[in-house]
Amino acid sequence: MAASRFEEPAARLVTPQARTDLICPACGSPGVAQVLGDNGGVTYVCTSCGHSWS
């Protein structure tokens, strides 16, 4: 039986540690989280100041 897309390894998830090239444009912090946006796109949120952008 084929594995579903929900059974992929967690190593494929993008985390702030895996994306060190992103910095917050508002405060310059490298602590950025990637989240699913309302329209299905990608949104980034700074874990230091709360600024969000896409």
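Both backbone and side-chain heavy atoms feed into the values below; hydrogens, waters and symmetry mates do not.
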Taking every non-hydrogen atom, the tightest pair across Val32 and Ile23: CG2-C, 4.0 Å
Test side chain to side chain contact (heavy atoms under 4.5 Å, CB included) applied to Cys27 and Cys46, step by step: CA-CA 9 Å; Cys27 72; Cys46 177; 3.7 Å; yes
Where Thr43 and Ser52 come nearest, the two heavy atoms and their spacing: CG2-CB, 4.3 Å
Residue pair Cys24 / Trp53: nearest heavy atoms and the distance that separates them: CA-CH2, 3.7 Å
Closest heavy-atom pair and its distance - Thr47, Ala33: CG2-CB, 4.2 Å
Any side-chain heavy-atom pair of Pro25 and His51 under 4.5 Å: yes
